[in-house]
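Take a look at the structure set out below.
Note that these values count all heavy atoms, side chains included, but never hydrogens, waters or copies made by symmetry.
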Amino acid sequence: MTDSDTGYLTPVIDEDGAPFWSYAAQGQLRVQACASCGELRFPPRPCCPHCQSFDSTWRRMSGRGRIWSYVLPHPPLLPGYAEQAPYNAVVVELADAPHIRLVGNVVAAPDAPLNSVDPARLRIGAPVRVAFTVAGGGFAVPRWLLER
């Protein structure tokens, strides 16, 4: 779904993922965990793939990770992103849970434009930390800042 004002992609919130976005609005990165076996899972879903329990909780993460992969979209596929090209789209592997990976953008500051980091500074394995910003649609979304 895209925000009609910005043309940016906005999250589609379902019952399973709603807590993720509520915590993001509070500046917290949390991942769904099985309340029975303790396994973390993302994306959120109703049933644990390990023990089939329907009981879950949300575990707070440190917000640290590393760039697992990234791309520089050329040309931008959506008109709302065209003026910010070249920008990055990254997959971040969480330090607390290496099997959990989140998609986002590396930016210079939480509210900086998507093209605020020189693509030459990006590399696989680079350490990052989460920062939240209010994006199109009024949602707090995680972005990533390079660690020094």
Side-chain angles (χ1 to χ4, degrees), residues 1-34 38-50 56-148:
M1 169 181 260
T2 58
D3 179 285
S4 60
D5 294 332
T6 64
Y8 287 175
L9 293 172
T10 57
V12 175
I13 299 178
D14 62 11
E15 183 179 340
D16 297 319
F20 176 86
W21 298 106
S22 293
Y23 287 120
Q26 299 169 38
Q28 297 178 24
L29 181 62
R30 291 192 181 234
V31 172
Q32 190 183 44
C34 178
E39 286 289 327
L40 295 172
R41 60 185 185 251
F42 195 89
R45 48 195 172 269
C47 180
C48 176
H50 301 280
S56 66
T57 186
W58 287 81
R59 193 170 303 154
R60 190 168 188 169
M61 300 286 104
S62 68
R64 290 191 158 30
R66 68 177 192 92
I67 296 175
W68 187 79
S69 183
Y70 71 94
V71 297
L72 304 172
H74 293 284
L77 300 177
L78 298 172
Y81 293 88
E83 66 189 41
Q84 294 203 52
Y87 58 91
N88 63 75
V90 298
V91 178
V92 172
E93 179 180 74
L94 297 183
D96 305 331
H99 66 285
I100 303 285
R101 297 182 183 117
L102 302 177
V103 176
N105 307 97
V106 174
V107 291
D111 294 324
L114 297 181
N115 61 1
S116 61
V117 170
D118 180 352
R121 294 185 59 208
L122 300 176
R123 64 178 174 77
I124 303 298
V128 292
R129 65 181 165 84
V130 74
F132 293 91
T133 190
V134 176
F139 296 101
V141 296
R143 289 184 168 181
W144 302 93
L145 307 174
L146 287 171
E147 297 254 85
R148 297 182 193 260

**Prompt:** Does the side chain of Val128 come within less than 4.5 Å of Leu145's, by heavy atoms?
**Reply:** no
**Request:** Compare every heavy atom of Leu29 with every heavy atom of Gly63, then report the nearest pair and how far apart it is.
**Result:** CA-CD2, 4.0 Å
**Message:** Does atom CH2 (Trp58) have a neighbourhood of more than 12 heavy atoms from anything else shown, all under 6.0 Å?
**Reply:** yes
**Item:** Sequence neighbours excluded - salt bridge (charged side-chain N to carboxylate O under 4.0 Å, His left out) pairs with any residue from residues 137-148
**Value:** Arg64-Glu147, Arg129-Glu147
**Request:** Measure the shortest side-chain to side-chain distance between Pro49 and Arg41 over non-hydrogen atoms and say whether it is less than 4.5 angstrom.
**Result:** yes
**Side chain proximity check, Trp21 to Pro19, heavy atoms < 4.5 angstrom** = no
**Message:** I need the minimum non-hydrogen distance between Val31 and Phe42, along with the two atoms involved.
**Reply:** CG1-CB, 4.4 Å
**Residue list, side chain to side chain contact (heavy atoms under 4.5 Å, CB included) with Arg121, at least two apart or on another chain** = Val117, Asp118, Leu146
**Prompt:** In chain order, what residues pass the side chain to side chain contact (heavy atoms under 4.5 Å, CB included) check against Gln28, with sequence neighbours excluded?
**Reply:** Tyr23, Gln26, Arg30, Arg60
**Side chain proximity check, Asp96 to Leu40, heavy atoms < 4.5 angstrom** = no
**Message:** If I compare all heavy atoms of Pro44 with all of Gly17, which pair ends up nearest, and what's the gap?
**Reply:** CG-CA, 3.9 Å
**Fill in**
Applying side chain to side chain contact (heavy atoms under 4.5 Å, CB included) to Pro75 and not counting sequence neighbours gives none
**Where at least one partner belongs to residues 112-131, residue pairs that pass ring-ring contact (aromatic ring centres under 6.0 Å, His included), sequence neighbours excluded** = none
**Message:** Taking Ala108's backbone N and O only, do any of them form a donor-acceptor pair with Ser116's side chain (distance below 3.5 Å, no angle check)?
**Reply:** yes
**Prompt:** Is there any ring-ring contact (aromatic ring centres under 6.0 Å, His included) pair reaching into residues 84-137, and which pairs are they, with sequence neighbours excluded?
**Reply:** Tyr81-Tyr87
**Asked** Is there a donor-acceptor contact under 3.5 Å from the side chain of Asn105 to the main chain of Asn88?
**Response** yes
**Prompt:** Could you walk me through whether Val107 and Thr133 pass the side chain to side chain contact (heavy atoms under 4.5 Å, CB included) check?
**Reply:** CA-CA 11 Å; Val107 291; Thr133 190; over 6 Å; no
**Prompt:** Does the side chain of Trp144 reach to within under 4.5 Å of the side chain of Ile67, using non-hydrogen atoms?
**Reply:** no
**Side chain proximity check, Val130 to Val92, heavy atoms < 4.5 angstrom** = no
**Request:** For residues Phe139 and Ile13, determine if any side-chain heavy atom of one lies less than 4.5 Å from a side-chain heavy atom of the other.
**Result:** yes
